[in-house]
Number of protein chains: 2
Amino acid sequence: MPEKDIDIANRLKTLRDERNISQRQLAKKSNVSNAAISLIENNKTNPSLGMLKKILDAVPISISDFFAMDVSEENKIVFRKNELIEIGSGLISYLQVGQNLKNNQPQMILERYKPGADTGKSMLTHESEESGLILEGRMELTVGDQTYFLGAGDAYLFNSNIPHRFRNTGGIDCVIVSACTPPSF
Amino acid sequence: MPEKDIDIANRLKTLRDERNISQRQLAKKSNVSNAAISLIENNKTNPSLGMLKKILDAVPISISDFFAMDVSEENKIVFRKNELIEIGSGLISYLQVGQNLKNNQPQMILERYKPGADTGKSMLTHESEESGLILEGRMELTVGDQTYFLGAGDAYLFNSNIPHRFRNTGGIDCVIVSACTPPSF
DNA sequence: TTAAACTGTTAAATATATTAAACAAAAAAT
DNA sequence: ATTTTTTGTTTAATATATTTAACAGTTTAA
């Protein structure tokens, strides 16, 4: 059974945070460009072993220990602002609370709809209970054959099997925090 | 203290030998080219982690375990024909018995001199006792101000502080097995 | 407030890993 | 003995990692 993703990105970031070293400090100490470290931590490259070795030697930590590190977020409780997981971007961006959610966990998402953003005329449907709260801007929400206009502070709750649709018809970003149980994707 | 060389080459080769898998079998199973595996095992590339991961998943073994593998050759006793270490090539090729030799160990080398090969007019000198035996071909050996012509079966022994020189003046390869104590390079 | 020294990220240039295909040698099959 | 597989290796073409340099945002100092 092949292991799942090795997640060097998290490992390195976590390690660096634990030891309070900046990308540039580590870069200098390991004779590697700071860009390389940034790219690794953002999963934008597939580093060579030589590269990883140089970095880990500078930390220092052995390769074996590095991969034996426990970075499971199973029991992680607090997720900092910059630790939210980006699961989609574009006209609508999604920042999720937690990773690899179980079916009994709510999928909380911080959603940002740019002006004109629209989940589409071909309404959404999925097997969840869905709730949300508008933080900024205004949102046009259609659930079934009813359409609502929501402003900051307003909230919603419905069964997502009912076809629904979000549209930002205003001129400024609309920011929503939503929750689905079980997670919808 | 940074670890010394990680030696992926040895690790992979050893692993593959232990499990009796050919390069091509492993390549196919891991969706990687057989060339890649060959290059890795010969230290001719600096593989990416993604690559290594694919290979190790096919073995299978975890990355952590892979790097925790003991491949120290400290007490290795028998070195197979294909396990000799190439420490130089070209007109003269050197295949050494063992790795990271200690000062109290003899450095045995299987040397092949192509026709015309010459260690150079500017004689060699180093702090060792040196001995050798001609296996094939003929060799012109100069030690100090004496020059000797050796054929298969002949041998030599001298203190390498005395300037010396090897020249294959014949038309065929000359193969020698030599030994230096302590190792000369 | 402004400036200076940091933070992490990104784009284009460069270096290098990886593949595909062909090779030669050894083992297996007929 | 001679095909036929299978072995590992190599080279040129291609894909991609890494660096250099510039950017924008945040913190520290004055």
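The figures that follow rest on heavy atoms only: side chains count, while hydrogens, waters and symmetry mates do not.
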*Asks:* Give a yes or no answer on whether the side chain of B/Arg11 reaches the backbone of B/Phe66 with a donor-acceptor pair at less than 3.5 Å.
*Replies:* yes

*Asks:* Restricting to side-chain contact (heavy atoms from CB on, under 4.5 Å), what partner residues turn up for A/Lys44, sequence neighbours left out?
*Replies:*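 For A/Lys44, the residues satisfying side-chain contact (heavy atoms from CB on, under 4.5 Å) (neighbours in sequence not counted) are A/Leu39, A/Asn42.
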
*Asks:* Can you name the residues that form a side-chain hydrogen bond (donor to acceptor under 3.5 Å, both in side chains) with B/Thr147, not counting sequence neighbours?
*Replies:* B/Thr142

*Asks:* Write down the distance between CG (A/Asn43) and P (D/dA17), rounded to a whole number of angstrom.
*Replies:*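 Interatomic distance, CG of A/Asn43 to P of D/dA17: 11 Å.
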
*Asks:* Please determine if a side-chain N or O atom of B/Ser22 lies less than 4.0 Å away from the OP1 or OP2 oxygen of D/dT7.
*Replies:*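 Yes.
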
*Asks:* Using the test side-chain hydrogen bond (donor to acceptor under 3.5 Å, both in side chains), find all partners of A/Thr45 that sit at least two apart in sequence or belong to another chain.
*Replies:* none

*Asks:* Looking at residues at least two apart in the chain, or sitting in another chain, which of them share a side-chain hydrogen bond (donor to acceptor under 3.5 Å, both in side chains) with B/Arg16?
*Replies:*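 Counting only residues at least two positions away or on another chain, B/Arg16 forms a side-chain hydrogen bond (donor to acceptor under 3.5 Å, both in side chains) with B/Glu41.
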
*Asks:* Return the value, rounded to whole Å, for the distance between atom CG of B/Leu52 and atom P of D/dA17.
*Replies:*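 From B/Leu52 CG to D/dA17 P: 15 Å.
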
*Asks:* Going by an N to O cut-off under 4.0 Å, is there a salt bridge joining B/Lys53 and B/Asp57?
*Replies:*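 Answer for the salt bridge query: yes.
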
*Asks:* To the nearest Å, how far apart are B/Asn42 CG and D/dT7 P?
*Replies:*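 Checked: the CG to P distance equals 16 Å.
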
*Asks:* In the 5'-to-3' direction, what one-character label does each nucleotide of nucleotides 20-25 of chain D receive under the scheme B = base within less than 4.0 Å of a protein heavy atom, S = sugar-phosphate only, - = no such atom?
*Replies:* B-B---

*Asks:* Reading 5' to 3' and counting Watson-Crick or G-U wobble pairs with both distances under 3.5 Å, write the dot-bracket notation for DNA chain C, | for bases paired outside the strand.
*Replies:* |||||..|||||||||||||||||||||||

*Asks:* Round to the nearest Å and state the distance from A/Met51 atom CE to D/dT18 atom P.
*Replies:* 5 Å

*Asks:* Only counting residues at least two apart or in another chain, list the ones meeting salt bridge (charged side-chain N to carboxylate O under 4.0 Å, His left out) with B/Lys114.
*Replies:*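 Once residues adjacent in sequence are excluded, the partners of B/Lys114 under the salt bridge (charged side-chain N to carboxylate O under 4.0 Å, His left out) criterion are B/Asp173.
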
*Asks:* Nearest-nucleotide wise, let me know which of B/Glu41 and B/Asn46 is further upstream toward the 5' end of DNA chain D.
*Replies:* B/Glu41

*Asks:* Give the first and the last nucleotide of DNA chain C, reading 5' to 3', that has any atom under 4.0 Å from a heavy atom of chain A.
*Replies:*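 Extent of the interface on DNA chain C: C/dT7 to C/dT10.
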
*Asks:* With B/Glu111, which residues qualify under salt bridge (charged side-chain N to carboxylate O under 4.0 Å, His left out), at least two apart?
*Replies:* none

*Asks:* For B/Leu39 and D/dG8, give me the distance from atom CG to atom C1', rounded to whole Å.
*Replies:*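 From B/Leu39 CG to D/dG8 C1': 11 Å.
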
*Asks:* In whole angstrom, give the distance that lies between atom CD1 of A/Ile37 and atom P of D/dT18.
*Replies:*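 In whole Å, D/dT18 P and A/Ile37 CD1 are 11 Å from each other.
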
*Asks:* To the nearest Å, give me how far apart NZ (B/Lys44) and C1' (D/dT10) are.
*Replies:* 8 Å

*Asks:* Between B/Asn34 and B/Ser38 (side chain of the first, backbone of the second, donor and acceptor by atom type, cut-off under 3.5 Å), is there such a pair?
*Replies:* no

*Asks:* Pick base, sugar-phosphate or nothing for A/Ser48, based on heavy-atom distances below 4.0 Å to the nucleic acid.
*Replies:* sugar-phosphate

*Asks:* Kindly say if B/Gln23 contacts the phosphate of D/dT7, meaning a side-chain N or O under 4.0 Å from OP1 or OP2.
*Replies:*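 Result: no.
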
*Asks:* From NZ of A/Lys53 over to P of D/dT18, roughly how many Å is that when rounded to an integer?
*Replies:* 15 Å

*Asks:* For A/Asp118, what residues pass the salt bridge (charged side-chain N to carboxylate O under 4.0 Å, His left out) criterion, not counting sequence neighbours?
*Replies:*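 If we apply the salt bridge (charged side-chain N to carboxylate O under 4.0 Å, His left out) test to A/Asp118, skipping adjacent residues, the hits are A/Arg165, A/Arg167.
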
*Asks:* Output all residues satisfying side-chain hydrogen bond (donor to acceptor under 3.5 Å, both in side chains) with B/Ser48, sequence neighbours left out; order by chain, then residue number.
*Replies:*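 Expected list: A/Asn46.
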
*Asks:* Return the set of residues passing side-chain contact (heavy atoms from CB on, under 4.5 Å) with A/Ala117 (not counting sequence neighbours), or none when no residue passes.
*Replies:*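 For A/Ala117 the side-chain contact (heavy atoms from CB on, under 4.5 Å) partners, ignoring immediate neighbours, are A/Leu91, A/Ile92, A/Tyr113.
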
